[in-house]
Every structure is written in structure tokens, then in C-alpha cells.
Amino acid sequence: MRLIFLGPPGAGKGTIAKRIVAETGIVQISTGDLLREAVKKGSALGKQAQQFMEAGELVPDRLVIDLLQERIAEPDCEAGFILDGFPRTIPQAEALDNSGVKIDKVVNFICSEQTIIQRLSGRRTCKECGAIFHVENIPPKKEGICDRCSFALIQREDDKPEAILNRLQVYKKQTEPLIGYYKAQDNLVDINANQDVAGCLRDTQMALSLV
Ligand code: AMP
């Protein structure tokens, strides 16, 4: 099963992808995670990507397309994958189509701006293991400390208020046109992502005929 999870930042794509991965054995490919890893390592790609990411801008297409194509060529992707956060522009979607990768379904997470801002501004991330918490919705057992590895939780630079607003504008301008692109391919299913995780997961499972 090869899937694309489309939707604004904060819609819950990553959270639902992790749950689907746990029950199906396909892999989650988050270009955001791959880029954050590159920044952490200080690789050439990381150095080029960092300033775009911190400002909430998109990293240039050619960098992200190369990164994604390398990743999906790895053996663990043979059984299937969820692309979480890719494509984010029409040229990225065209590059994927042109590479001959056949996508079974595009899941479109629809979420209100109010919900997105509440989720992103309260999100806290473990710098060590990447676990995600939320100050109100998913609080860690001990404030500011990761439940999994006990390292300190941080607020991502791009989860700060100015960057959130920019990310929303970038989404509207550059990523939302993909909804029309995949509708035209008759490949899109809508999910109400304003719900809690359980509701959103159930609707996604139903849309993918997993239940
Ligand atoms: P995410 O974790 O998916 O919200 O991504 C974090 C940041 O990584 C984004 O705000 C972009 O700067 C960058 N990024 C992730 N995926 C892409 C992509 N497909 N195209 C361009 N930039 C991306």
C-alpha cells in the first residue's frame, strides 16, 4: 500500500501515520523528520535546509525530491509506505508521478485554522527521540521532560507563533493546489481532522478499508 497523507501542518498526519504503520508494517516517510535529522547531523543538506525550516518556508524542491527518491528506493519501502509531508508543491507531485511510483490513495486531512494553531503552539518535541507531546492534549508525565527517554522537551522553532502563521500561508499557496491535482486523478479521500486522534484514526482506517 502506497499512500500520501496531505494536509496542513498540525492536522495530525504524522500521528495517524504512526498508528497505521504500527498496524500494517508499512513505513512512514516524513520529509520533515528526514530534514530535521540532516540538520541535527550538520550535513550539507541540513545546512542548506535549516534556515528555510526555521522560518516555516519550504525547502527548495530539488533538495526534497532527491531526498525522497533516495529514501523510497530503500528496501524497507518495498512493502509500502506513507508519505507524510511530501509532496508539498505541484512540481514535487509531478516528480513523483514521473518517477513511476504508483500511489494507491491520497488521504486529505481537513482541519480548521483554529485547531491547527492550538495544536502547533502547544506542541512540544523531544530533541533526542522525536516523541511528540502537547501541553494540554498529550501532556508528559513530568512537565518539560520526555516520557520515553527523559530528555528535555523543546518547542520547535517553526512551532513558534510567527512561523506558524507563515507555515499556514505557505500551505495555502503552495500545497493546497495539490488537492485539485489529486482530485483530478480521482485518488483523493477527505478526512475530518478536527476530531480527536481516535476519531481521525477510525475514519482513516475506514477510508483505507483497514477495518
Ligand atoms: P513538517 O515536519 O512536515 O511540518 O516539516 C517541517 C519543515 O520541513 C517544513 O516547514 C519545511 O520547511 C520542511 N519540509 C518538510 N517537507 C517538505 C517538503 N515536501 N517540501 C519542502 N519543504 C519541506
Side-chain angles (χ1 to χ4, degrees), residues 2-18 21 27-41 43-72 77 81-99 101 103 106-109 111 113 115-127 129-134 153-179 181-182 193:
R2 292 164 167 181
L3 307 171
I4 291 174
F5 280 11
L6 186 66
K13 304 183 296 295
T15 304
I16 301 301
K18 284 191 179 65
V21 160
V27 293
Q28 174 189 10
I29 304 178
S30 154
T31 40
D33 284 348
L34 293 174
L35 289 165
R36 276 185 290 279
E37 199 54 39
V39 170
K40 201 167 152 190
K41 275 198 222 140
S43 68
L45 169 66
K47 287 193 178 118
Q48 292 179 79
Q50 187 167 14
Q51 72 197 72
F52 294 103
M53 295 174 73
E54 288 185 354
E57 297 288 338
L58 294 186
V59 172
D61 283 336
R62 99 196 126 73
L63 298 177
V64 187
I65 290 168
D66 286 353
L67 177 73
L68 192 274
Q69 283 181 337
E70 260 176 46
R71 180 65 189 91
I72 57 178
C77 293
F81 51 73
I82 299 176
L83 300 184
D84 159 20
F86 184 97
R88 261 175 153 103
T89 64
I90 297 279
Q92 290 179 18
E94 287 171 345
L96 189 64
D97 281 347
N98 293 338
S99 68
V101 174
I103 298 296
V106 181
V107 183
N108 180 32
F109 291 81
C111 197
E113 211 160 289
T115 303
I116 292 170
I117 292 170
Q118 194 270 352
R119 284 185 188 159
L120 292 182
S121 58
R123 181 156 76 176
R124 297 292 180 271
T125 309
C126 175
K127 214 175 170 180
C129 74
I132 291 171
F133 298 86
H134 187 281
L153 299 178
I154 54 150
Q155 182 173 38
R156 274 169 44 178
E157 276 308 314
D158 61 351
D159 283 343
K160 295 187 174 161
E162 321 74 63
I164 292 176
L165 294 178
N166 196 32
R167 285 163 80 195
L168 284 172
Q169 279 174 2
V170 166
Y171 171 77
K172 282 211 175 94
K173 201 165 155 218
Q174 295 182 263
T175 308
E176 216 168 49
L178 289 174
I179 296 174
Y181 181 91
Y182 287 115

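In each ligand, atom 1 is the first atom listed, and ligand 1 is the first ligand listed.
- Of all atoms in ligand 1, listed by their number and element, those nearer than 4.0 Å to a heavy atom of Arg167 are 4 (O).
- Of the protein's non-hydrogen atoms, Val59 N, 3.0 Å is the one closest to atom 22 (N) of ligand 1.
- Heavy atoms only, all atoms of each residue included: Leu6 and Pro87 are closest at CD1-O, 4.1 Å.
- The protein heavy-atom contact nearest to atom 6 (C) of ligand 1 is Arg36 NH1, 3.5 Å.
- Residue Pro87 has no nitrogen or oxygen atom sitting less than 3.5 Å from a nitrogen or oxygen atom of ligand 1, judged on distance alone.
- Protein heavy atom at the shortest distance from atom 20 (N) of ligand 1 is Gln92 NE2, 2.9 Å.
- Ionic pairing of Arg167 and Asp159 is present here: one or more N-O contacts between side-chain nitrogen and carboxylate oxygen are shorter than 4.0 angstrom.
- Closest approach of Arg119 to Ala193, counting heavy atoms only: NH2-O, 2.9 Å.
- Within 6.0 Å of atom NZ in Lys160, more than 12 heavy atoms from other residues, nucleotides or ligands are found, so the atom counts as buried in its surroundings.
- Minimum interatomic distance between Gln69 and Ser99 (heavy atoms only, all atoms of both residues): NE2-CB, 3.3 Å.
- Using a 4.0 Å cut-off between heavy atoms, Val64 contacts ligand 1 through its side chain alone, with no backbone atom that close.
- Closest of all the heavy-atom pairs between Ala95 and Ile65 is CB-CD1, 3.7 Å.
- Atom 16 (N) of ligand 1 has Thr31 OG1, 2.8 Å as its closest protein atom, hydrogens excluded (heavy atom only).
- Atom NZ of Lys127 has 12 or fewer heavy atoms from other residues, nucleotides or ligands within 6.0 Å.
- No more than 12 heavy atoms of other residues, nucleotides or ligands lie within 6.0 Å of NZ in Lys173, so this atom counts as exposed by the packing criterion.
- Ranking protein heavy atoms by distance to atom 23 (C) of ligand 1, first place goes to Leu35 CD1, 3.9 Å.
- The closest non-hydrogen atom to atom 9 (C) of ligand 1, taken over Arg88, Arg156, Gln50, comes from Arg88.
- Of the protein's non-hydrogen atoms, the one nearest atom 12 (O) of ligand 1 is Glu57 O, 2.6 Å.
- Of the protein's non-hydrogen atoms, Met53 CE, 3.6 Å is the one closest to atom 8 (O) of ligand 1.
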